[in-house]
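Inspection log for the structure reproduced underneath, given as structure tokens.
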Amino acid sequence: MPHPVMDQLKEAVDFIRRQFSATPEVGIILGSGLGNFVHEIEVEKEIAYSDIPHFPVSTVQGHKGKLIFGNMPAGRQGVSSKKIVCMAGRFHFYEGYDATQVVFPVRVMKQLGIKALLLSNAAGGVNPAFSVGDLMIITDHISFDTRNPLIGKNIDELGPRFPDMSEPYKKEFIQKAKSIAQAKNIKLQEGVYYGVTGPTFETRAEYKLVHILGGDAVGMSTVQECIAANHMGLPVFAMSVITDLGIREEENKITHEEVLQAAKEAEPHFATIFRELIGAI
Ligand code: HPA
């Protein structure tokens, strides 16, 4: 008996293929405030999440909620144009979706044929060396404070019961991103992303604890998508924009607006790295 999620995936994938038949090579998920990246894409087809069978619908301010198919044009010499599928807006556990729903689009993109998944997010910095506006390559994550999307009967058709997570973010992609940043003179941090459910930003004590536990940045997305991708053997690259600092002075409140604004300001550098990386992988 196939796992019931396989039927849902098939319906979603069949629906999408009827709208747009080309096979994407790279999947991208855009985080809060990073939606402008869609302007880098030569768009061929847009499909609203609300039209796709079994897709949840995004409710967060700053998220658009559509799947965009197109080409990432060739960049510098030797870098080829790539067929991509981009999620402008993602699903978060704090919106009330279960973890399986959160990762449904990742599974759909894999079934559509992507060979690499690029994730992005806004995150709070807890490493004292970080500043607002920094970009951080995610080298590893801690997901104990989120719901694992693989809980439940394993979907054997997608991957093993106990997936290895020793290289959740592909080293080769990390190296490439670092070379790109160096060549373009873009400052890059790297570190461990600590996944939480949200929707509250952390208390002072929680930010401090996240750092003690080994996190460099904390955020409400990404880890579940990364787990689902690793389950399927899909290599991942992920980058955070540090939009606020958890280790803060007194009276420094954090707002969603501030997070969006900081992400928007860091967006050009973020876009350069993603664009060049897509060409290079
Ligand atoms: N904490 C959790 N999630 C976030 C933060 C934060 O400080 N900033 C942006 N997303």
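The figures that follow rest on heavy atoms only: side chains count, while hydrogens, waters and symmetry mates do not. Both ligands and their constituent atoms are indexed starting at 1 by order of listing.
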If you have a sec, work out which protein heavy atom is nearest [atom] and how many Å separate them, to one decimal?
| atom | answer |
| --- | --- |
| atom 5 (C) of ligand 1 | G124 N, 3.4 Å |
| atom 1 (N) of ligand 1 | E202 OE1, 2.6 Å |
| atom 8 (N) of ligand 1 | D244 OD1, 2.7 Å |
| atom 4 (C) of ligand 1 | V218 O, 3.7 Å |

Polar contact flag, side-chain donor to acceptor under 3.5 angstrom, [X]-[Y]:
| X | Y | result |
| --- | --- | --- |
| H3 | N154 | no |
| Y169 | D140 | no |
| E267 | N36 | no |

Q: Report yes if some N/O of F201 lies less than 3.5 Å from some N/O of ligand 1; otherwise report no.
A: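 The answer is no, given that F201 and ligand 1 share no N or O pair closer than 3.5 Å.
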
**Q.** Contact partition for A123 relative to ligand 1, non-hydrogen atoms under 4.0 Å
**A.**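 The answer is the backbone of A123.
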
Q) Does ligand 1 have an atom that lies less than 4.0 angstrom from a heavy atom of A122? A)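 Yes.
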
Q: Determine, using heavy atoms of G219 and all atoms of ligand 1, whether some pair is separated by less than 4.0 Å.
A: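 It does; at least one heavy atom falls under 4.0 Å.
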
Are [X] and [Y] close enough that some pair of their side-chain heavy atoms sits under 4.5 Å apart?
| X | Y | value |
| --- | --- | --- |
| V126 | L245 | no |
| M220 | F201 | yes |
| P105 | R90 | no |

